[in-house]
Amino acid sequence: MLNLITETTNYLKDKGFENSEIGIILGTGLGKLIDEIEILQEVSYNDIPHFPTATVEFHKGRLIYGILAGKKVIVMQGRFHVYEGYSLQEVTYPIRIMEKLGIAALLVSNAAGAINLNFKKGELMLIEDHINLQGGSPLAFKGVDELGERFTDMSAPYDFSINSKFESIAKINDIKLHKGVYASVVGPQLETRAEYRMLKIIGADAVGMSTVPEIIVANHLNLKVAAVSVLTDECDPDDLKPVDIGEIIAMAAKAEPEMIVLFKELIRQL
Ligand code: HPA
């Protein structure tokens, strides 16, 4: 993998991606952060050597290099998911590239269902810890030890100091920001009532289909990491309604302005 990483990194350096400080993965509910960035360079995922093969769905996927709140950032507009048929190594390949391009911190956003019924749809949750239910590890491959410590420590995968900054920014700006545990499943089907009950019992506050593989690899690379979920639906096993993807997307959009304040202000303070 090392040779591939070098080739991809050199391609992006030639395009002007260099000395970046912060990496950002724009999930559902943070897409409009792009409007706040002074874009210096952008490349379609399709054109980046060794990036996961783009699917039709991915025609919009772009890696962006620019300035946000005075910092040099690399932004993934669109991410790869295991449910699209990519391997965990493919899903997390861009994290390894952003690290080679200089980032020291990775900020991640996603949409998630609320397992903790004290949390309501449209609200935000700062991820304090996670449970990997994707049935595999992005670090389980031959040669991983050439890229970092194979037995990566996971005692504190989310950076305490970034999280406390997020909390104080939320407070000052009157944004409700819950804290909790995010469980990551493969999807793409939503959960059954029995699965939502199980997720609650094992200690999850929210559930989604991304983020955990990215966080594991970021920890493998010793990056500082933080992640925020937009809660798009309430997963009450005793009163479960059929999912409405339209409503999930609408909820994510509703929370977007608050997410943008949180991320922009945090980046200013980093
Ligand atoms: N389950 C899994 N992923 C999700 C959900 C959910 O209920 N809501 C948004 N993403």
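Order of appearance sets the numbers: ligands from 1, and atoms from 1 within every ligand.
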Please could you name the atoms of ligand 1 that [X] approaches to less than 4.0 Å, counting only its heavy atoms?
| X | result |
| --- | --- |
| T232 | 8 (N), 9 (C) |
| M209 | 2 (C), 3 (N) |
| C235 | 7 (O) |
| E191 | 1 (N), 2 (C), 6 (C), 7 (O) |
| L190 | 1 (N), 2 (C), 5 (C), 6 (C), 7 (O) |

Describe, in one word, how the ring planes of F51 and Y45 are oriented to each other, choosing from parallel (under 30°), tilted (30 to 60°) and perpendicular (over 60°).
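Aromatic pair F51/Y45 classed tilted.
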Hey, is ligand 1 close enough to G113 that some N/O pair sits below 3.5 Å?
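Yes; at least one N/O pair falls below 3.5 Å.
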Could you check whether any side-chain N or O of E234 sits under 3.5 Å from a backbone N or O of K121, counting only pairs where one atom can act as donor and the other as acceptor?
yes
Quick check: does any side chain N or O of T8 sit under 3.5 Å from a backbone N or O of P49, one acting as donor and the other as acceptor?
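Indeed, once roles are kept as given, a pair shorter than 3.5 Å links the two residues.
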Let me confirm one number: the CG-NZ distance from L33 to K264, rounded to the nearest 0.5 Å.
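Taking CG in L33 and NZ in K264, the distance rounds to 8.0 Å.
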SB check E21 K71 (cutoff 4.0 Å):
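Not counted as a salt bridge, because no side-chain N and carboxylate O are separated by less than 4.0 Å.
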Atom 8 (N) of ligand 1: the protein heavy-atom neighbour that sits closest, reported with distance to 0.1 Å
D233 OD1, 2.7 Å
Which residue holds the protein heavy atom closest to atom 10 (N) of ligand 1, what is that atom called, and what is the gap in Å?
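Nearest protein contact, heavy atoms only, for atom 10 (N) of ligand 1 is A111 O, 3.7 Å.
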Using a heavy-atom cut-off of under 4.0 Å, does the side chain or the backbone of V207 touch ligand 1, or both, or neither?
both
Below 4.0 Å, non-hydrogen atoms only: which portion of Y83 touches ligand 1? Side chain, backbone, both or neither.
neither
Looking only at side chains, do H130 and Y158 share a donor and an acceptor under 3.5 Å apart?
yes
If you measure only the distance, is there a donor-acceptor pair under 3.5 Å linking the side chains of S229 and N110?
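Present: a donor and an acceptor within the cut-off.
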